[in-house]
Amino acid sequence: MSKQPSSTEILVARTSDVELAEQVEYWSSAFSSIWGRVQLSPEEHQSFSGDLHSVQIASLRANRISFGGQRFRRIEANSEQAFYSLAFPQRGEASIRMGNDGVALGPGSMFLLDNSRPAEFFACNSYETLNIQIPICRMKQRIGRQFNTNFLRVDASKILPELLRDILIKVSALTSPLEPRSATLLEQQICDIAAFCFAPANASESEEGVLLLAQRERSDKHITRLHARPDLSPSVIARACGISESYLHKIYRGSGQTVMERVKELRLETAHTLLCQKGRICTISEVAYEVGFKSLAEFSRAYKKRFGTPPRRTRL
């Protein structure tokens, strides 16, 4: 029986750990588990290799990857795992193409790549990268729903990209999961810095507005505190925030999520954390109701859509 990649909050996979005949299937399984469904093919006359260390940070995922002699294709849009990949190439070169657009990936730059779109990725010889996966909704919450790009590049030697890279180096080397409160704080800081790096020059004049963004942050704190209440509704959240329900909807209108979509996301993230806790004795139904879902079927559907696997597989 072939070796399987680890499948907890810390995922580690190395092609050198398995027999030569099993390497392509093993690496394809590991890579697809965090990148979504892709088609992998080895390049002829090149050495095939892969090494992955991946760490979950709330809704983000930090990865340290080195690989070579392979090509990935995503034929269909990846709507179930819609995230940006914030990448810092460390060594070697790779290329990615989305439709008629293409970019060469190499050291010295920080790239923001839209993982939800059909694309082709090619790495020859040995390519090494640090990257972090950020849900697209997280960026749009901060920059505005009008933010839309295949890929962007900035100078990695600037102070904020350097700060992000230093954080990523430390986080991608973790060997045990972060405590949930620390993970949530780090998630917010990473998203804030990333959004600042890639926001358009006129972002402060966008429909979001500084006051709306500030109010959304305060509202998010109340939602985080209340999200497990099964009776939670926009009117309950608005009262807790001391604002009208119509203003609450306005706050989230440009974020890429409605108020209740934000609530559902927090419930799913909390459920995922609970299901990943080793030694925790509870049923999936108990977890679903604990985080605020009223129906096990609704929870299971939403969980699979969000994480790409049913909740029972997370417990394995």
Check: Salt bridge or not for D155 and K158, using N-O below 4.0 Å?
Finding: no
Next item on the list: Could you tell me whether R262 and E265 make a salt bridge, using a distance below 4.0 angstrom between a side-chain N and a carboxylate O?
Entry: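 Counted as a salt bridge, because a side-chain N and a carboxylate O are separated by less than 4.0 Å.
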Checklist line | Criterion side-chain hydrogen bond (donor to acceptor under 3.5 Å, both in side chains) against Q56, the qualifying member of R61, Q133, H272 | finding: R61
Hey, could you give me the [atom1]/[atom2] distance between [X] and [Y], rounded to the nearest 0.5 Å?
X: D220; Y: Y252; atom1: CG; atom2: OH; result: 3.5 Å
X: L105; Y: Q90; atom1: CG; atom2: CD; result: 12.5 Å
X: E245; Y: H249; atom1: CD; atom2: NE2; result: 4.0 Å
X: I65; Y: F31; atom1: CD1; atom2: CZ; result: 5.0 Å
X: L163; Y: Q189; atom1: CG; atom2: CD; result: 9.5 Å
X: T15; Y: L20; atom1: OG1; atom2: CG; result: 9.0 Å

Check: Going by atom types only, do T314 and Y303 share a side-chain donor-acceptor pair under 3.5 Å?
Finding: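 Indeed, the side chains of T314 and Y303 share at least one donor-acceptor pair under 3.5 Å.
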Margin query: Considering only residues two or more places apart or on different chains, which pairs with a residue in residues 228-238 satisfy side chain to side chain donor-acceptor pair (under 3.5 Å)?
Written below: R229-D231, S233-S235
Next item on the list: Return each pair, listed once, that meets side chain to side chain donor-acceptor pair (under 3.5 Å) where at least one residue sits in residues 39-49; pairs must be two or more places apart or across chains.
Entry: E43-R71
Notebook entry, point to check: Can you list every salt bridge (Lys or Arg N to Asp or Glu O under 4.0 Å) pair that touches residues 166-188, not counting sequence neighbours?
Noted result: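 Of all non-adjacent pairs touching residues 166-188, those that pass salt bridge (Lys or Arg N to Asp or Glu O under 4.0 Å) are R138-E187.
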Notebook entry, point to check: Can you tell which of L164, L152, L130 makes a side chain to side chain contact (heavy atoms under 4.5 Å, CB included) with L86?
Noted result: L164
Note to self: Parallel, tilted or perpendicular: which one describes the rings of F67 and W27, with boundaries at 30° and 60°?
What the structure shows: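 It falls in the tilted class, 30° to 60°.
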